[in-house]
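Just so it is clear, the model here is predicted, and its values are computed rather than measured.
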Amino acid sequence: MEGASCIVRIRTDARFSDGSPVTAQDAAYSLQLAQASPRFAAQLAGVAEVATPDRYTIVFTLAAPDQYFPRSLCFPVVGEGTGEEPLPLGGGRFVLDDSGTAMSRSGSYHTPVQNLRAVRLIDAGPLADQGAAVLAGELDLFYSDLRGTADLSLGLSRRQVVLSNLVYLGVNSQRRGWPAELRAAFSGIIDRDALARRAYLGFAAPAYSPIKQSFSMAAAGEEDPEPDPQEELLDALGYGERDAEGWRTYQRRRFTVRLLVNSGSPHRLEAAALIAQDLAGAGIQVVVEEAPFEEYSQRIAMGDYDLYLGELRIPWNLDLTPLIAPSETVGPGCVRDPELLEIYRQVKAGEAELSALDSALRRTMPMIPLLYRRGIVAFSPDFSANIVATEQDIFYNIGEW
């Protein structure tokens, strides 16, 4: 990285599956395809210009300096002009045949796979049926990010996969006038371990900041902080009075909060119920409002919520802008904190430590991070390989299986 420029030099011995060289022009072409893909668009949104000064050099010019941009360079590179073809020219470990159901190992890959000669692709049907197919030996393994409902009661051998999907509470601070101290109190009241265990069946990890621990950092706060005296903090903020039923009051009215949740997600419905239970224990009445996804999304865009339970995939370049300022994604009620935004800019530019941003996020709480979800790789009982899977590459160590 040099300021707002990222210079990448491609290995001169890199080859596509047909033996042809991988060039900077192929990478620039592939970038355009990736920017149009929902999976990669967010992490590549900051690219303002691309140049290929020679056959093996590509220069990315960014809209603003971003020291984490190189993490975004994990999109697939295909041969120039082949992206619209049924089988684009790629350079991975395996080559897909014309039938689209079998892959054979590629001899042009930089470290050819030696232990597996072929991989068969099978239409295994709905996620709920795939576990049974693994047990029956019809599948060796399957991967899921667990957006759907999988049958996890079958005793399958499995590995969890850390995802970039952050589950969070969106907060309409602007309409309700809630200060950072109150948002922090809400955060301290919620039992994230119970959310992970009960709502997500253990396939999630507590999050006290939207910054994943995969980013090298010296976190300013503990990853699992000690509980603060939230009851005393609520009292100090003016919510100390109670009505006859024990609910906290504010300006002589019961402190009631509306929590919007997508009715199409069983995990989030359960999480919303647990959050309401936690806040009720602190004397805050929560009304859970379930809505179909389209209505749910419209209400967020209109600011028709107090809290809402949302999920956002954090790009690998740590682009947090949708979460830390009013936006279509996080809703117009998100507080805009100039100091936080400046610290964020400094960190991205390499002018401040990531721990400073972590501290600012925990202090201001523009949204309340709850969990990072996890996916699953499940495999049959006779599959003895030591599988190492990552979100970017589920088959990370396939050459050692």
Side-chain angles (χ1 to χ4, degrees), residues 1-17 20-83 88-94 106 108-111 145 161-166 210-217 312-322 344-345 347-350 354 357 375 388-399:
M1 291 293 303
E2 297 180 5
S5 295
C6 178
I7 302 173
V8 176
R9 291 180 175 84
I10 297 173
R11 291 171 47 156
T12 57
D13 62 345
R15 294 289 184 272
F16 286 116
S17 58
S20 61
V22 178
T23 68
Q25 289 71 33
D26 296 314
Y29 168 77
S30 300
L31 171 73
Q32 295 177 352
L33 298 179
Q35 287 177 314
S37 164
R39 178 167 179 78
F40 301 102
Q43 68 203 50
L44 298 171
V47 178
E49 186 179 340
V50 177
T52 52
D54 61 53
R55 187 173 175 82
Y56 295 106
T57 303
I58 180 168
V59 180
F60 301 90
T61 301
L62 310 180
D66 181 1
Q67 65 170 321
Y68 299 114
F69 175 74
R71 287 173 172 251
S72 298
L73 300 178
C74 55
F75 57 88
V77 175
V78 299
E80 185 176 10
T82 69
L89 178 61
R93 304 179 183 95
F94 293 87
S106 171
S108 298
Y109 190 63
H110 58 83
T111 51
D145 65 3
V161 180
V162 177
L163 302 179
S164 298
N165 296 65
L166 177 70
I211 300 175
K212 288 178 63 177
Q213 290 302 299
S214 58
F215 283 81
S216 297
M217 59 176 289
L312 184 70
R313 182 172 171 271
I314 306 298
W316 294 317
N317 67 333
L318 195 62
D319 182 358
L320 299 179
T321 49
Y344 173 73
R345 185 201 66 77
V347 169
K348 293 284 275 185
L354 188 56
L357 177 59
V388 177
T390 71
E391 184 179 17
Q392 296 93 334
D393 188 354
I394 299 303
F395 307 102
Y396 178 79
N397 71 331
I398 192 173

Query raised in the report: Is any side-chain N of the basic residue among Arg345 and Asp66 closer than 4.0 Å to the acidic one's carboxylate O?
Result: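 Judged by the 4.0 Å cut-off on N to carboxylate O distance, Arg345 and Asp66 do not form a salt bridge.
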With side chains defined as the heavy atoms from C-beta onward, is the minimum distance between [X] and [Y] less than 4.5 Å?
X	Y	result
Leu89	Val78	no
Cys74	Trp316	yes
Gln43	Arg313	yes

Would you name the heavy atoms of [X] and [Y] that are closest together and state the gap between them?
X	Y	value
Pro21	Arg55	CG-NH2, 3.3 Å
Ser106	Gly92	CB-O, 3.6 Å
Val162	Lys212	CG1-NZ, 3.9 Å
Thr82	Gly79	OG1-O, 2.7 Å
Pro70	Cys6	CG-SG, 4.3 Å
Gly91	Phe16	N-CD2, 3.9 Å

Query - Exam field: side chain Asn317 to backbone Ser72, donor-acceptor pair closer than 3.5 Å - result: no
Query - Exercise: do Thr23 and Asp26 side chains pair donor with acceptor under 3.5 Å - result: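 There is such a pair between these side chains.
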Query raised in the report: How far apart are the C-alpha atoms of Arg9 and Asp54, what are their side-chain angles, what is the distance that settles it, and do they pass the salt bridge (charged side-chain N to carboxylate O under 4.0 Å, His left out) test?
Result: CA-CA 10 Å; Arg9 291 180 175 84; Asp54 61 53; over 6 Å; no
